[in-house]
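Written out below as structure tokens is the structure these notes cover.
We number each residue from 1, following the sequence as shown.
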Amino acid sequence: QVQLVESGGGLVQAGDSLRLSCAASGRRTFSFSRYNMAWFRQAPGKEREFVVGITRSGGNTYYTDPVKGRFTISRDNAKNMLYLQMSSLKPEDTAIYYCAADDNLIMQTTATRYDYWGQGTQVTVSS
């Protein structure tokens, strides 16, 4: 079992920045570096969508077009932490943001392929 807890969401103005954090933990044999990690987001009435992903060592990152140049995903395996630095926020970024863990060998971008999820943190961007 893997437990994920997000934090850092809030209400901000368009153009502002936020940094989301995801703390990972597990059983005695848990190894954070075993998992590819991703941030998903879900707005009311919409499907949960992939936003950004990062591989086990942090050597490869994946960004969707709406957030390229504005969001940066990173991880600190020594601290079992995943981060999402968001800048130049737009109202259309408003959603619940979830971190997710996947132990597949190949990076996945669909929600159904991820094994573990956090509870989510709300990001609201006003215009």
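Closest approach of Gln1 and Gln3 over heavy atoms only: CB-NE2, 3.5 Å. Pairing each heavy atom of Arg70 with each of Ser88, the nearest pair is NH1-O, 3.0 Å. For the pair Ile96 and Gln122, the tightest heavy-atom approach, listed with the atom from each and the gap, is CG1-OE1, 3.2 Å. Across Ala43 and Thr94, no two heavy atoms sit closer than the pair CB-O, 3.9 Å. The nearest pair of heavy atoms linking Thr121 to Gly8 is OG1-N, 4.2 Å.
Ser127 contributes atom OG, which lies 8.0 Å from atom CD of Gln13 (distance to the nearest 0.5 angstrom). Note that CE of Met37 and OG of Ser74 are 11.5 Å apart. Values are rounded to the nearest 0.5 Å. The distance from atom OG of Ser87 to atom CZ of Arg19, rounded to the nearest 0.5 Å, is 13.5 Å. Asn104 contributes atom CG, which lies 8.0 Å from atom CG of Asn36 (distance to the nearest 0.5 angstrom). Between Thr55 atom OG1 and Ile106 atom CD1 the span is 12.5 Å, to the nearest 0.5 Å.
With sequence neighbours excluded, no residue forms a side chain to side chain donor-acceptor pair (under 3.5 Å) with Arg34. In terms of the side-chain contact (heavy atoms from CB on, under 4.5 Å) criterion, residue partners of Ser7 (sequence neighbours excluded) are, by chain and number, Ser21. By the side-chain contact (heavy atoms from CB on, under 4.5 Å) test, Ala38 is found to be paired with Phe40, Phe50, Met107, Tyr114, residues two or more places apart in sequence or in another chain being considered. In this view, Leu89 and Val12, Leu18, Phe71, Met86, Asp93, Val125 satisfy the side-chain contact (heavy atoms from CB on, under 4.5 Å) rule, not counting sequence neighbours. Scanning for side chain to side chain donor-acceptor pair (under 3.5 Å) contacts around Asp103 gives an empty result, with sequence neighbours left out. With sequence neighbours excluded, the residues forming a side-chain contact (heavy atoms from CB on, under 4.5 Å) with Ala23 are Met81, listed by chain and number. Residues satisfying the side chain to side chain donor-acceptor pair (under 3.5 Å) test with Thr109, not counting sequence neighbours, are none.
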So Lys79 and Phe32, side chain to side chain contact (heavy atoms under 4.5 Å, CB included) or not? Walk me through it. CA-CA 9 Å; Lys79 298 180 179 179; Phe32 184 54; over 6 Å; no

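Note on ring orientation: taking the six-membered ring where Trp is involved, the planes of Phe30 and Tyr35 are parallel (angle under 30°, cut-offs 30° and 60°).
Residue pairs satisfying the ring-ring contact (aromatic ring centres under 6.0 Å, His included) criterion with at least one member in residues 72-113, sequence neighbours excluded, are absent. Listed by first and then second residue, the disulfide bond (SG atoms under 2.5 Å apart) pairs involving residues 45-95 amount to none (not counting sequence neighbours). Under the side-chain hydrogen bond (donor to acceptor under 3.5 Å, both in side chains) criterion, the residue pairs touching residues 57-69 are Asp65-Lys68, with sequence neighbours excluded. Listed by first and then second residue, the disulfide bond (SG atoms under 2.5 Å apart) pairs involving residues 39-80 amount to none (not counting sequence neighbours). Pairs passing the disulfide bond (SG atoms under 2.5 Å apart) check and including a residue from residues 68-110, sequence neighbours excluded, read Cys22-Cys99.
Side chain of Glu6 to main chain of Gln119: a donor-acceptor pair is present (N/O by atom type, distance under 3.5 Å, no hydrogens or angles).
Around CZ of Arg56, the count of heavy atoms belonging to other residues, nucleotides or ligands within 6.0 Å exceeds 12.
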